[in-house]
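These notes are about the structure you will find just below.
Throughout, residue positions are numbered sequentially from 1 according to the sequence presented.
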Amino acid sequence: MSPEFRFAVISDAHIALPETIWQNPSRFHMVEVSIAALEQVFAHLETLDLDFLLLPGDLTQHGEPANHAWLAQRLSQLPFPCYVVPGNHDVPNREADGRSIGLAEFAHYYQAFGYDDPAQPYYSRQVLPGVRLIGLNSNQFDETGQQQSQGAIDAAQMRWLREVLAAASEELVMVMVHHNVAEHLPNQSRHAMGRRYILRNHQELLEVLQAAGVPLVFTGHLHIQDIARSHGLYDITTGSLVSYPHPYRVLAVRSDPQGQRWLEVVSERVTAVPDWPRLTQVSRQWMGDRSQPFMVRLLTEAPLNLPLDAAESLAPELSYFWADISRGDALFEFPDFPPAARRFFESFSALDAAGVPHLIDNHTALRLD
């Protein structure tokens, strides 16, 4: 039996020192608050009796060396161990290009945070007696070194993973990877806009993890609060610290009197930082103001395939749709939409198979079989 322990998750922090900030009028995430928000979270976490902290990728705005260096130094000052994996923004190209680091450099920055072998962009660590963390690299590149739009676990890494899991059969194993492993949105792996957030070979990875009895995977990338279950495995994806609602999680593994193990999940939010006293309201509006092109594309592409004029007439009603998805535990009603559009958007509601609200994305206790 593994011990009881407590840990936290911060995802998609997109750290950007002021001199590195890219000004882009269409971006959803507010990198302007990245450092202030992270410092506030650290101040809270330092008051807790944590065993470790997980950061499942997109640590930096876009892989800038200065931002990686700042974060690695800041993590080293925390009173608990930290573990990271690279996101798509952390290594946008296979090779360093003067503006961003390359994949081979990532582990050198974060040797103290999981990467005891800096030549390998994935790792296996016993974080506590009886508890093992496996950190995977889901970034893939084409023959020119450009990052592919959809992540995957390559064949060599998958072989290594099978060997590690076979040797860890007596431990509680947790996996951390940037791209989603289970679907967090309806038909995510088959939708043109959703598939870029889920591993191209997610089904293979799911089968490997399920066969080994792995109960927990921690992901990011999608910038939403969501917990998905697939045959006994939970994929817990955590929203971005620099996007509405600026969440992070505090989790604990506990055992009940009958010996059943549970994962307790509590979600916290950063609601204000210096210079942004109304951060929650501003960031929700920020997301809403930038949602029109995103919603028009969602309406005009499969499966709805609406004409442009119809899409443009419905899009304003969906200004805060993604903000509500990002918050987690959303329940939607669009009674005035055409039937097909109504069914499509209401299918994103947090309902179980019987159509009953199932609000587990932010606060819950999950049984670990």
Side-chain angles (χ1 to χ4, degrees), residues 7-17 20 34 38 52-78 80-128 131-142 145-148 151-165 167-168 173-179 181 199 201 205 217-221 238:
F7 62 105
V9 177
I10 303 171
S11 193
D12 295 74
H14 289 279
I15 290 301
L17 294 166
T20 71
S34 60
L38 189 67
F52 53 87
L53 168 66
L54 304 180
L55 296 97
D58 278 1
L59 311 175
T60 60
Q61 175 183 230
H62 206 60
E64 301 85 355
N67 292 330
H68 279 298
W70 183 91
L71 181 60
Q73 174 62 24
R74 186 64 184 88
L75 293 178
S76 72
Q77 299 168 357
L78 294 174
F80 38 75
C82 305
Y83 302 96
V84 308
V85 291
N88 57 301
H89 277 266
D90 296 320
V91 285
N93 302 292
R94 185 168 51 215
E95 307 298 333
D97 62 3
R99 190 172 194 177
S100 304
I101 71 168
L103 179 62
E105 296 175 90
F106 183 84
H108 289 273
Y109 279 89
Y110 297 102
Q111 288 187 60
F113 311 108
Y115 294 92
D116 48 359
D117 179 359
Q120 183 172 280
Y122 44 90
Y123 59 87
S124 172
R125 293 288 298 272
Q126 186 182 68
V127 294
L128 293 168
V131 182
R132 181 162 299 277
L133 174 68
I134 298 175
L136 299 177
N137 166 50
S138 53
N139 294 287
Q140 298 299 315
F141 305 90
D142 63 22
Q146 298 298 302
Q147 188 180 85
Q148 295 179 344
I153 304 302
D154 60 78
Q157 190 174 182
M158 196 72 79
R159 288 192 297 271
W160 169 88
L161 175 61
R162 292 175 189 271
E163 294 173 358
V164 170
L165 291 173
V173 177
M174 307 190 304
V175 171
M176 180 167 58
V177 61
H178 187 59
H179 292 74
V181 178
L199 291 167
N201 57 343
L205 180 58
V217 176
F218 296 94
T219 64
H221 195 34
T238 300

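- Of all heavy-atom pairs between Pro65 and Ser100, the closest is CD-CA, 4.3 Å.
- Rounded to the nearest 0.5 Å, atoms CG (Leu59) and CH2 (Trp70) are 11.5 Å apart.
- The nearest pair of heavy atoms linking Gly220 to Asp12 is CA-OD1, 3.5 Å.
- A 4.5 Å side-chain heavy-atom check between Tyr110 and Val85 finds every atom pair outside the cut-off.
- No side-chain heavy atom of Leu71 sits less than 4.5 Å from a side-chain heavy atom of Tyr109.
- Of all non-hydrogen atoms in Cys82 and Leu78, the two that sit nearest each other are SG-CD1, 3.6 Å.
- Inter-residue side-chain proximity for Leu165 and Arg162 is flagged as unmet; no heavy-atom pair is nearer than 4.5 Å.
- Here the side chain of Glu105 pairs a donor or acceptor atom with the backbone of Gly102 at under 3.5 angstrom.
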From CA spacing to verdict: side chain to side chain donor-acceptor pair (under 3.5 Å), Gln157, Asn137: CA-CA 8 Å; Gln157 190 174 182; Asn137 166 50; 5.6 Å; no
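- Although no hydrogens or angles enter the test, the distance criterion places no donor-acceptor pair under 3.5 Å between the side chain of Asn93 and the main chain of Glu95.
- For the residue pair His178/Asn88, the side-chain donor-acceptor check at 3.5 Å is satisfied.
- Closest heavy-atom contact between Glu64 and Gln61: OE2-NE2, 2.9 Å.
- At least one donor-acceptor pair closer than 3.5 Å links the side chain of Asp142 to the backbone N or O of Gly145.
- Considering every non-hydrogen atom in both His221 and Asp58, the closest pair reads ND1-OD2, 4.4 Å.
- Atom CG of Asp90 sits about 9.5 Å away from atom CD of Gln147, to the nearest 0.5 Å.
- Going from atom CG of Leu53 over to atom CD1 of Ile10 covers 4.5 Å, rounded to the nearest 0.5 Å.
- Looking at heavy atoms from C-beta onward, Pro56 lies in side-chain contact with Val9 at the 4.5 angstrom threshold.
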Worked check of side chain to side chain contact (heavy atoms under 4.5 Å, CB included) between Leu75 and Val84: CA-CA 10 Å; Leu75 293 178; Val84 308; 4.0 Å; yes
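- Asn201 is listed as a side-chain neighbour of Met158, based on a closest heavy-atom distance under 4.5 Å.
- Centroid-to-centroid, the aromatic rings of Phe218 and Phe7 come within less than 6.0 Å.
- When side chains are defined from C-beta on, Thr60 does not count as touching Ile101, because their heavy atoms never get closer than 4.5 Å.
- Note on ring orientation: taking the six-membered ring where Trp is involved, the planes of Tyr115 and Phe106 are perpendicular (angle over 60°, cut-offs 30° and 60°).
- Distance OH/Tyr83 to CG/Leu55: 12.0 Å, rounded to 0.5 Å.
- In this pair, His14 and His89 present their aromatic rings perpendicular. The plane angle is above 60°, beyond the 30 to 60° band.
- Between the CZ atom of Phe141 and the CG atom of Asp154 there is a distance of 10.5 Å, given to the nearest 0.5 Å.
- Met176 contributes atom CE, which lies 11.0 Å from atom OG1 of Thr219 (distance to the nearest 0.5 angstrom).
- Put simply, the side chain of Ile153 reaches to within 4.5 Å of the side chain of Val177, judged on heavy atoms.
- A heavy-atom distance below 4.5 Å is found between the side chains of Leu199 and Val181.
- Across every non-hydrogen atom of Arg132 and Ala168, the tightest pair is CD-CB, 3.9 Å.
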